[in-house]
Amino acid sequence: MYALVDCNNFYVSCERVFQPALEKRPVVVLSNNDGCIIARSDEAKSLGVPMGAPMFKYKNLLKKNNVIIYSSNYTLYGDMSSRVMDCLKIFTPQVEVYSIDEAFIGLDGANNNTLVEKMKKMKESINQWTGIPVSVGIAETKTLAKLANHIAKNYKEEGVYIIDRNSSRLVELLGNTEIEDIWGISKKWGARLRSIGISTGLQLQRSDPRRVRQCISIVGERIVRELNGVSCLPLESVQPRKSIMVSRSFGKAIRDVSSLKEAISNYTVTAAKKLRCQHSLCGSIYTFIQTNRFNLKDLQYSNSSVASFNEPTQDTFKLLKAVDISLKKIYRPQFEYHKAGIILSQLTTKINASLSEKNTASNYKGIFGMQPDLFLVAYENYKRVHKRERFTNTIDKINEKLGLGTIFYGAQGVEKKIQKSHKSKVNWRMKSYYRSSAYTTRWDQLLRVS
DNA sequence: TCTGGGGTCCTAGGACCC
DNA sequence: TCTGGGGTCCTAGGACCC
């Protein structure tokens, strides 16, 4: 058995923990750059504010109904998320963190008769310890647990719902579920399935898996089997990321290459830090820039460039140099740019390297922690790589201790430190007018109680 | 005026091998 | 006029998720 634990209106709930007056009031949280509405309280949902709606289209509605608006605050949400996940780990070691606001937990060896009661207790504890309300769906497979969670959330059921595959209620439930509401089926595949006469969850459950495979892919076949209680998607442990992307839309359109470089350099620094945090090296970095695709009257342009490294790296300087070269290749002065980003890919795990111990010249990976450049003299290369590594680690440590950006790279822009407010002259900085504090991660932003 | 960001997996097709 | 068969690996693009 699996349980899916999903936080209710997660971002809104995070804000409410620190502003209890927001309870029972309509609240929304915006995406980066204050662009779209990506989280809504129940009250906001019932006003008819759809998920992912562009903010500017709903501004009047929000204003008229006194909806409270927040910019997204991922520092806060990320920290609240790990608190919730830590709670789950108290109840069982079998936890798969699936996204910022949900986790699957394995219930092997649990007694089915007491399962619902146990999950209710867990739900209450999480609420007590973190202030975050969650819903729990329990079933034999992940796909069914997703469905159970949907019931738990939308029909209350005290926030916990278990699917019994043999009950007639499952037939009713699947029969009332549109094909696109099944986990893993979205619009495109939904349309394809409808074209061969499958339009409800029940019809999908009862169809021939091979036929669905022909229509979609093996992914579809798995879904059919999962709906029939055959688990095809096991619980997975946390793995390092296979790619790391950092991209942003700009607060204002920008034209000059120096601003673009500054923005991209900042994204690269962020990505490189993430890379080192998960002890990976990257083999290549992809840089992209694009104009505003919504500005139909403007000429559109988007382009990208990949830089590969002879030797996988986690050195911020190397990455910055690579994106600088890439940017020069793709930049065209006649356009106004709206978004840019970078992607680190071909990630490999860095091994702890040392010249001593049992490592010999024949064991290059042991010495370097990676596959080194064939054409460099080994010992000189070793010294160089390790010198760079110590340097980068020192910068990381200083920034950890004294705050992010205490030491920064020239390419990030020297005005950086003084541009804290949204009056900033740095025009690529994203909009964030309604951001709350980093209550749980910064001493200078602790909640004040008077 | 204003339209997010960050991931994974699968498949088809091309390039290569013998 | 006629031009094989059987593989692997890599990548781009398309689908999905939150």
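Below, chains carry the letters A, B, ... as their sequence lines are ordered, and counting in each starts from 1.
In this structure, K59(A) reaches neither bases nor backbone, as no heavy-atom distance under 4.0 Å exists between it and the strands shown. As judged by a 4.0 angstrom heavy-atom cut-off over every strand, L30(A) is placed among residues making no nucleic acid contact. The residue I216(A) sits apart from the nucleic acid: no heavy atom pair falls under 4.0 Å. Among the atoms of the strands shown, none is found under 4.0 Å from any heavy atom of I343(A). Across all strands, K146(A) comes closer than 4.0 Å only to sugar-phosphate atoms, never to a base (heavy-atom distances). Backbone-only contact: K242(A) has heavy atoms under 4.0 Å from sugar-phosphate atoms and none from a base. Across all strands, D34(A) comes closer than 4.0 Å to no nucleic acid atom at all (heavy-atom distances). In this structure, M245(A) reaches the bases: a heavy-atom distance under 4.0 Å links it to at least one base atom across the strands shown. In this structure, S243(A) reaches the sugar-phosphate backbone alone: every heavy-atom distance under 4.0 Å involves primed, P, OP1 or OP2 atoms, never a base. Within the 4.0 angstrom heavy-atom criterion, no nucleotide atom of any strand lies near N33(A).
For R192(A), no side-chain nitrogen or oxygen approaches OP1 or OP2 of dG14(C) to under 4.0 Å. When the side-chain nitrogen and oxygen atoms of R222(A) are compared with OP1 and OP2 of dC10(B), one or more of them lie within a distance under 4.0 Å. Checking the phosphate oxygens (OP1, OP2) of dG7(B), no side-chain nitrogen or oxygen of S99(A) falls inside 4.0 Å. Residue H338(A) places no side-chain N or O under 4.0 Å from the OP1 or OP2 atom of dC2(B). Between S249(A) and dT3(B) there is no side-chain N or O to OP1 or OP2 distance below 4.0 Å. An OP1 or OP2 oxygen of dC10(B) is reached within less than 4.0 angstrom by no side-chain nitrogen or oxygen of R213(A). Between S72(A) and dG4(B), a side-chain N or O to OP1/OP2 separation shorter than 4.0 Å is absent.
A side-chain donor from one of E15(A) and Y77(A) sits under 3.5 Å from a side-chain acceptor of the other. Side-chain contact of S135(A) with N149(A): a donor-acceptor pair under 3.5 Å is absent, judged by distance alone. Using modelled atom types and a 3.5 Å distance limit, the side chains of D79(A) and T440(A) yield a donor-acceptor pair. Judged by distance alone, the side chains of S41(A) and N9(A) never bring a donor and an acceptor atom under 3.5 Å apart. Residues R293(A) and S302(A) have side chains that never bring a donor and an acceptor to within less than 3.5 angstrom of each other.
When rounded to the nearest whole Å, the span between NZ of K431(A) and P of dT3(B) equals 6 Å. Atom P of nucleotide dT1(B) and atom CD of E336(A) are separated by 14 Å, given to the nearest angstrom. Atom CG of L4(A) and atom C1' of dC17(C) are 12 Å apart (whole Å). Rounding to whole angstrom units, CD1 of residue I37(A) and P of dC18(C) are separated by 20 Å. Between M430(A) atom CE and dG5(B) atom P there is a gap of 8 Å when expressed in whole angstrom units. Atom CH2 in W189(A) sits roughly 13 Å away from atom C1' in dG13(C) (whole-Å rounding). The nearest whole Å value for the distance from the OH atom in Y433(A) to the P atom in dT1(B) is 15 Å.
For K45(A), the NZ atom is densely surrounded, since the number of other residues' heavy atoms within 6.0 Å is greater than 12.
For F56(A), whose side chain is taken as the heavy atoms from C-beta onward, the closest listed nucleotide among dG5(B), dG7(B), dC2(B) is dC2(B). Relative to the side chain of Y98(A), the nucleotides dC17(C), dT3(B), dC2(B) differ in distance, and dC17(C) lies closest. With dG7(B), dG4(B), dG6(B) as the choices, the nucleotide that has an atom nearest any side-chain atom of R248(A) turns out to be dG6(B). Minimum atom distance to the side chain of S217(A) is reached by dT11(B), of the listed dC17(C), dG5(B), dT11(B). Which of dC16(C), dT8(B), dC2(B) sits closest to the side chain of R241(A) comes down to dT8(B).
Comparing dC18(C) with dT3(B), their P atoms sit 25 Å apart, to the nearest whole Å.
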**Message:** Taking Watson-Crick (N1-N3 plus N6-O4 or O6-N4) and G-U wobble (N1-O2, O6-N3), each under 3.5 Å, can you produce the dot-bracket string of DNA chain C? Use [ ] for crossing pairs and | for inter-strand ones.
**Reply:** ....||||||||||||||
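Along DNA chain B, the nucleotide closest to S247(A) and the one closest to V219(A) are compared, and the more 5′ of them pairs with S247(A).
Checked against salt bridge (charged side-chain N to carboxylate O under 4.0 Å, His left out), K261(A) has the following partners two or more places apart in sequence or in another chain: D324(A).
Residues Y11(A) and Y74(A) bring their aromatic ring centres within 6.0 Å.
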Would you tabulate the side-chain donor-acceptor contacts of residues 218-234 of chain A under 3.5 Å, counting partners in other chains and residues two or more places apart, or write 'none'?
unit_1: E221(A); atom_1: OE1; unit_2: R213(A); atom_2: NH1; d: 3.2
unit_1: E221(A); atom_1: OE2; unit_2: R225(A); atom_2: NE; d: 3.3
unit_1: E221(A); atom_1: OE2; unit_2: R225(A); atom_2: NH2; d: 2.8
unit_1: E226(A); atom_1: OE1; unit_2: K142(A); atom_2: N; d: 3.3
unit_1: E226(A); atom_1: OE1; unit_2: T143(A); atom_2: N; d: 2.9
unit_1: E226(A); atom_1: OE1; unit_2: T143(A); atom_2: OG1; d: 2.6
unit_1: E226(A); atom_1: OE2; unit_2: C232(A); atom_2: N; d: 2.8
unit_1: E226(A); atom_1: OE2; unit_2: L233(A); atom_2: N; d: 3.0
unit_1: N228(A); atom_1: ND2; unit_2: Q205(A); atom_2: O; d: 2.9
unit_1: N228(A); atom_1: ND2; unit_2: V224(A); atom_2: O; d: 2.8
unit_1: S231(A); atom_1: OG; unit_2: Y2(A); atom_2: OH; d: 3.2

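Within the 4.5 Å cutoff, side-chain heavy atoms of D396(A) are placed close to those of K273(A).
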